[in-house]
Every structure is written in structure tokens, then in C-alpha cells.
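The structure appears below as C-alpha cells.
Quantities reported herein were computed from a predicted structural model and do not represent experimental measurements.
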Amino acid sequence: MVNHWTPDDIPEQTGRTALITGGNSGIGLETAHALARQGARVILAGRTQSKLDHAAEAVRAATPEARTDTLVLDLSDLSSVRDAATRIAETETVDLLFNNAGVMNLPKRRTTHDGLEMTVGTNHLGHFAFDAQVWPAVRRSSAPRVVTVSAIAARWPMGRLDDLMSEKSYRPMGAYAKSKRANIVYTLELARRAASSPVEALVVHPGSAMTALQQHGNGALSRIITPIAARLLMGSTEGAAWPSLYAATSPYVQSGRFIGPAGRDQTSGTPKPAKLPTGADDPAEGSRLWAASEQLTGVRFGVEAGSAI
């Protein structure tokens with residue numbers, strides 16, 4: 001583990017391909033910029049082709065030699081997930097897979113196209129189904145890493161996974177906390193299942209930064225508080241991408257680690273191992289979530305516990 005790290009320390013990435021969900025804005029776009037500067041080809045995945053095209057143009061404007069592609073992917077629609085994953089699985093080798101996209105603080109309980117609670121359905125289940133179906137492209141890489149973006153909210157008590165779909169009660173940030181805990185539990189279970197393979201699975205939290213996630217803030221109070229918090233408490237979007245970039249490229253990390261910024265209140269700074277939410281590394285919880293995710297999505301992720309892949 002290094003004492004100080006910045007994206008300037010990213011090793012040469014020429015010949016490697018990174019696929020980034022939510023790659024058209026915020027942390028995902030900053031991740032794409034940094035990797036493109038180091039020679040990686042980046043595939044930007046998101047819901048809207050026009051926004052993806054704009055983001056790809058921005059990456060090429062900053063790094064003229066950058067190689068970019070786009071992928072229309074709506075994580076809240078399992079048919080879109082299937083179509084996007086099939087396209088990649090049939091034709092690509094993915095060296096770095098970033099489960100980055102997400103939604104938060106939806107004022108009312110909403111459901112996805114497939115009837116799943118929207119926040120968990122997008123942030124966890126959409127990624128679970130995408131990863132499962134894009135897995136052939138990951139397996140083609142000689143040194144693949146899967147990096148999932150969680151959040152500090154994963155530590156909140158309201159993030160327990162016993163009512164995953166918030167059918168008994170719904171709180172906007174409670175659903176978000178569940179989705180972010182699920183991101184961690186899933187990634188650690190994936191690391192266990194992939195232990196006999198070259199695949200490394202890591203999970204990160206970005207600290208605090210003002211990104212597109214905050215667009216769902218509700219009411220006048222939120223509109224007043226959010227800009228103040230952005231100025232006083234939050235780091236930059238560029239800095240918020242550092243844990244993802246470190247987890248994806250550093251030779252000092254190990255599969256199954258949780259990485260976050262080392263600064264005060266863990267809002268910014270050099271990435272380092274972070275404290276896990278209580279019980280998130282329990283294999284029993286990992287197994288339960290894996291089974292529930294397969295059942296809810298109807299997608300079997302064929303990585304059996306203890307098997308090589």
C-alpha cells in the first residue's frame with residue numbers, strides 16, 4: 001500500500017479495455033478520462049445514446065488519441081441488460097469492468113420495468129445481471145478486474161438486506177443504503193467464488209462528491225442544503241474517481257478488498273483499505289444475496305462457490 005497515490009501513478013493501460021457503466025457523467029466519466037490518458041480503450045455504457053456520444057467526444061477532446069466506444073444500457077430494464085451484455089460477451093475482451101452507475105434518493109417507491117424496487121433493482125440487481133451475462137468477455141482477459149462502486153451509506157443500519165425490495169416499508173435513503181450494502185456483499189461473494197481464477201473483484205466507496213446522483217433530491221430544503229454541502233463537505237468528482245482507478249490498476253490491491261479515500265471523514269484523499277460494514281463479509285449473507293439475486297433477475301450467474309471460472 002502506497003502512502004500517496006494519484007491517477008498519475010496509473011500504469012500504462014495500452015491494450016486493455018475498460019467498460020464503465022454510468023460512463024457518460026460524474027465518476028464514470030472521470031474514470032474514463034484517466035484510463036484513456038494511460039492508453040486504455042474505454043467503453044462508455046449508459047441509457048441515452050446522445051449523452052454517451054457527448055461523453056465520448058469529451059474524452060477524445062481531452063485525449064485526442066483516445067479509443068472510445070459506447071454501449072446503450074438501461075440497468076433498470078433486464079431486457080436492455082441482456083441485449084447489451086450479449087453484444088459485449090460475443091465480441092469483446094473486457095479487462096476492467098466498472099459497476100459504477102446508480103440512482104439514489106427516489107422520493108417514492110418505484111419499480112423497474114421488471115417490477116423490482118428501482119434503487120436496488122438498478123444499483124445492485126441490474127449490475128448483477130449484467131456481470132453474469134457479460135462474463136465471457138471478462139473471462140477472455142488474462143488479468144481482469146471487476147470494480148463495484150458502493151458508498152459510505154452501506155454502513156447505515158437502515159441498509160439491512162432482510163427486506164431487499166422494500167415491500168414492508170420504503171425510505172428513499174434506506175433503499176439506497178440497501179443497494180450499497182448489496183454492492184459490497186455481492187462483490188465479496190464474487191471474490192470468494194473467483195478465488196481460483198485470474199479474476200479480481202474489488203469494491204470501493206468514493207467518499208463524497210457532487211455528481212448526477214444528487215439530482216433526485218426532494219423539496220426546497222434539499223435544494224438549499226445540497227449546494228452548501230457541496231461547497232463545505234464534498235470533494236471533487238475527479239477525486240471521487242480515485243478509489244475506482246486505484247482498485248482497477250494498482251499492483252498493491254488484493255481481490256476482495258474494500259477501498260475508500262483516506263482523508264478526513266473519508267471524503268477525499270489517497271485510496272486505502274476501508275472498514276467494511278458489520279457482517280458484510282459473512283459468507284452466509286453473500287450466499288443468500290447471490291441466490292436472491294438470481295431468483296429476482298431470472299439470471300443464473302454460473303460461478304459456483306469454491307470453483308474455478
Can you tell me how far [atom2] of [Y] sits from [atom1] of [X], rounded to the nearest 0.5 angstrom?
| X | Y | atom1 | atom2 | answer |
| --- | --- | --- | --- | --- |
| L29 | T237 | CG | OG1 | 9.5 Å |
| I10 | T249 | CD1 | OG1 | 4.5 Å |
| I184 | H124 | CD1 | NE2 | 12.0 Å |
| N183 | H127 | CG | NE2 | 7.5 Å |
| L19 | R41 | CG | CZ | 9.0 Å |
| D9 | Y252 | CG | OH | 9.0 Å |

[X] and [Y]: which non-hydrogen atoms are nearest, and at how many Å?
| X | Y | result |
| --- | --- | --- |
| K178 | L161 | O-CD2, 3.5 Å |
| T122 | S76 | OG1-CB, 3.6 Å |
| M165 | L125 | CE-CD1, 3.7 Å |
| P277 | R181 | CB-NH1, 3.5 Å |
| L44 | G23 | CD2-O, 3.6 Å |
| F128 | V299 | CE2-O, 3.9 Å |

Exercise. Please state whether the rings of Y186 and F301 are parallel, tilted or perpendicular, taking 30° and 60° as the class boundaries.
Key: tilted
Quiz item: Does the pair M104 and M173 meet the rule for a side chain to side chain contact (heavy atoms under 4.5 Å, CB included), with working shown?
Solution: CA-CA 7 Å; M104 70 177 289; M173 292 308 292; 3.4 Å; yes
Practice problem: Give a yes or no on this: more than 12 heavy atoms of other residues, nucleotides or ligands lie within 6.0 Å of atom CZ of R60. | Solution: yes
Quiz item: Can you list the residues that meet the salt bridge (charged side-chain N to carboxylate O under 4.0 Å, His left out) rule with R37, with sequence neighbours excluded?
Solution: none
Exercise. Determine, step by step, whether N24 and T48 satisfy the side chain to side chain contact (heavy atoms under 4.5 Å, CB included) criterion, reporting the C-alpha distance in whole Å, the side-chain angles of both residues, the deciding distance to 0.1 Å, and the verdict.
Key: CA-CA 9 Å; N24 57 279; T48 307; over 6 Å; no
